[in-house]
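Presented below is the structure to which this report refers.
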Amino acid sequence: MQVKSTNRSHGGTQGVYTHSSTATGTEMEFSVFVPDHAEGEVLPVVFYLSGLTCTQANVTEKGEFRAACAELGLILVAPDTSPRGEGVPDDAEGAYDFGLGAGFYVNATEEPFAKNYRMREYIETELPALIGAEFPADMSRVSIMGHSMGGHGALTIALRNPEKYKSVSAFSPIVSPLNCPWGEKALTGYIGADKSSWREYDACALIEDGARVPEILVDQGTADNFLEGQLKPELLTQVCEKTGQPLTLRMQEGYDHSYYFISTFMRDHLEWHAIRMKS
């Protein structure tokens, strides 16, 4: 692991780091905020997964999480959204919703993406091991959250690994890639045309197939341009009501898809995770 930068902020240290990933076969960049703490103390960890076109820098610079994390004693980890670098395949037409910046937190099986696009393995296994080894992190107290594509990632990762995460939340998540254009394009390109193989990457399908977490928190803006065509939170509401999966869905009047929205409710989510990691 290499240190790219560190800055003091809100009684803690905000760092940006790189390392050679065995999962993706590339250099990966991530950020970590560590509050000041007693020598030998280990702190609970929140992983934050970003959305389409983003890197770790979006939430690191605009998420407004450090004051809350410092007060609550939470480490916040923000990885990149896809592998990057020379030779990493991208969308042939340079579209924003596939390829670089759009890894969709899957393990790709289709060529030429199968070699590098292994963000599921990276987030579920490799990065947590690195965080546990290099930072004062209590890896028995871990939560996960995300925005948009990252909300999809957080929900599906938590539902597949309920023993690893104390809690899960999302801002404006893609709740069902099986039923939206972003998901159809990404999963066809990364996983193939057989939609039965997509179900492990669809939060609604996972819940329908029996996956459970103690509870889910979702905030969604009513002025989000992607609400009806891509995000479709009503599908998550329907499957949770049908199966008994606890869900708190808060429709936030007038808020859009941006970090103005996310930063407004970031503290709410961090406090929610902190309570559940303490219990």
Side-chain angles (χ1 to χ4, degrees), residues 19-30 47-56 77-85 87-92 95-132 139 142 144-165 168 170 173-180 182-211 213:
H19 75 114
S20 296
S21 168
T22 56
T24 68
T26 66
E27 287 290 308
M28 294 295 292
E29 183 174 286
F30 62 96
F47 284 85
Y48 178 94
L49 306 185
S50 295
L52 287 166
T53 75
C54 291
T55 69
Q56 60 78 18
V77 179
D80 203 344
T81 53
S82 77
R84 301 179 194 268
V88 176
D90 195 6
D91 183 84
Y96 75 94
D97 55 358
F98 188 76
L100 299 183
F104 263 81
Y105 304 101
V106 305
N107 281 348
T109 56
E110 295 292 296
E111 298 299 339
F113 304 100
K115 178 182 177 181
N116 303 120
Y117 283 78
R118 302 190 61 79
M119 291 301 295
R120 171 181 175 175
E121 179 182 346
Y122 181 70
I123 300 298
E124 289 183 354
T125 304
E126 184 176 12
L127 185 58
L130 181 64
I131 298 301
M139 300 309 292
V142 178
I144 191 166
M145 62 190 298
H147 169 232
S148 194
M149 178 186 72
H152 142 77
L155 292 175
T156 55
I157 288 170
L159 285 163
R160 289 194 305 263
N161 302 276
E163 74 288 350
K164 289 185 178 181
Y165 301 97
V168 58
I174 303 169
V175 303
S176 184
L178 278 158
N179 293 288
C180 73
W182 280 341
E184 291 175 4
K185 178 177 180 177
L187 295 185
T188 299
Y190 294 135
I191 308 299
D194 179 6
K195 290 191 175 183
S196 65
S197 64
W198 297 10
R199 295 185 69 82
E200 62 184 319
Y201 297 113
D202 184 298
C204 291
L206 283 165
I207 294 168
E208 190 173 51
D209 292 345
V213 291

Any D80 side-chain heavy atom under 4.5 Å of Q56 side chain: no
If the condition is side-chain contact (heavy atoms from CB on, under 4.5 Å), which residues does S197 pass it with, not counting sequence neighbours? I191, D194
Between P177 and L187, which heavy-atom pair has the shortest distance, and what is it? CB-CD1, 3.7 Å
Quick one: salt bridge (Lys or Arg N to Asp or Glu O under 4.0 Å) partners of D202, sequence neighbours excluded? none
Tell me, please, which residues at least two apart from P89 pass side-chain contact (heavy atoms from CB on, under 4.5 Å). P112, F113, N116, Y117
On the 0 to 90° scale, with breaks at 30° and 60°, tag the F30-H19 ring pair as parallel, tilted or perpendicular. perpendicular
Between A95 and K185, the two heavy atoms sitting closest are CB-NZ, 3.3 Å
Which residues share a ring pair (Phe, Tyr, Trp, His ring centres under 6.0 Å) with H147, sequence neighbours left out: H257, Y259
What verdict does the side-chain hydrogen bond (donor to acceptor under 3.5 Å, both in side chains) test give for E29 and T55, after you've listed the backbone C-alpha separation in whole Å, the side-chain angles of each residue and the deciding distance to 0.1 Å? CA-CA 8 Å; E29 183 174 286; T55 69; 5.5 Å; no
Could you work out, with side-chain contact (heavy atoms from CB on, under 4.5 Å) as the rule, every residue matching K115, not counting sequence neighbours? none
Less than 4.5 Å apart, any side-chain heavy atom of V168 and any of L155? yes
Does any non-hydrogen side-chain atom of I174 lie less than 4.5 Å from one of C180? yes
If the condition is side chain to side chain donor-acceptor pair (under 3.5 Å), which residues does E27 pass it with, not counting sequence neighbours? S20
Keeping E121 on the side-chain end and N107 on the backbone end, is there a donor-acceptor pair under 3.5 Å? no
To the nearest 0.5 Å, how far apart are OG1 in T156 and CG in N161? 9.5 Å
Of all the heavy-atom pairs spanning R84 and C54, show the shortest one and how long it is. NH2-O, 3.1 Å
Flag side-chain contact, heavy atom, 4.5 Å: I157 against F47: no
Heavy-atom closest contact (G51 atom, S148 atom, distance): CA-CB, 4.4 Å
Using atom types as modelled and distance alone, determine if a side-chain donor or acceptor of W198 lies under 3.5 Å from a backbone N or O of G192. yes
For the atom pair CE (M149) and CG (L52), what is the distance rounded to the nearest 0.5 Å? 5.0 Å
If I compare all heavy atoms of S82 with all of A102, which pair ends up nearest, and what's the gap? CB-N, 4.0 Å
Can you sort out the partners of D90 under side chain to side chain donor-acceptor pair (under 3.5 Å), two or more places apart, ordered by chain and number? none
With W182 via side chain to side chain donor-acceptor pair (under 3.5 Å) - residues at least two apart: Y96
T26: which residues meet the side chain to side chain donor-acceptor pair (under 3.5 Å) condition with it, sequence neighbours left out? T24
Under the rule for side-chain contact (heavy atoms from CB on, under 4.5 Å), what residues qualify as partners of E208, not counting sequence neighbours? R199, V239, K242
Ring-ring centroid check F98 Y190, cutoff 6.0 Å: yes
Just wondering, do C204 and L178 contact through their side chains at under 4.5 Å, heavy atoms? no
Decide yes or no for P79 and M28: does some side-chain heavy atom of the first lie under 4.5 Å from some side-chain heavy atom of the second? no
Which residue pairs pass the salt bridge (charged side-chain N to carboxylate O under 4.0 Å, His left out) test when at least one of the two sits in residues 149-160, sequence neighbours left out? E124-R160
Does Y201 have any ring pair (Phe, Tyr, Trp, His ring centres under 6.0 Å) partners at least two apart in sequence or in another chain, and if so, which? none
Do the non-hydrogen side-chain atoms of F104 and M119 ever get within less than 4.5 Å of each other? no
Testing the basics here: between E111 and A114, what is the closest heavy-atom pair and its distance to 0.1 Å? OE2-CB, 3.7 Å
Rounding to 0.5 Å, atoms CD (E126) and CD1 (I131) come to a distance of 11.0 Å
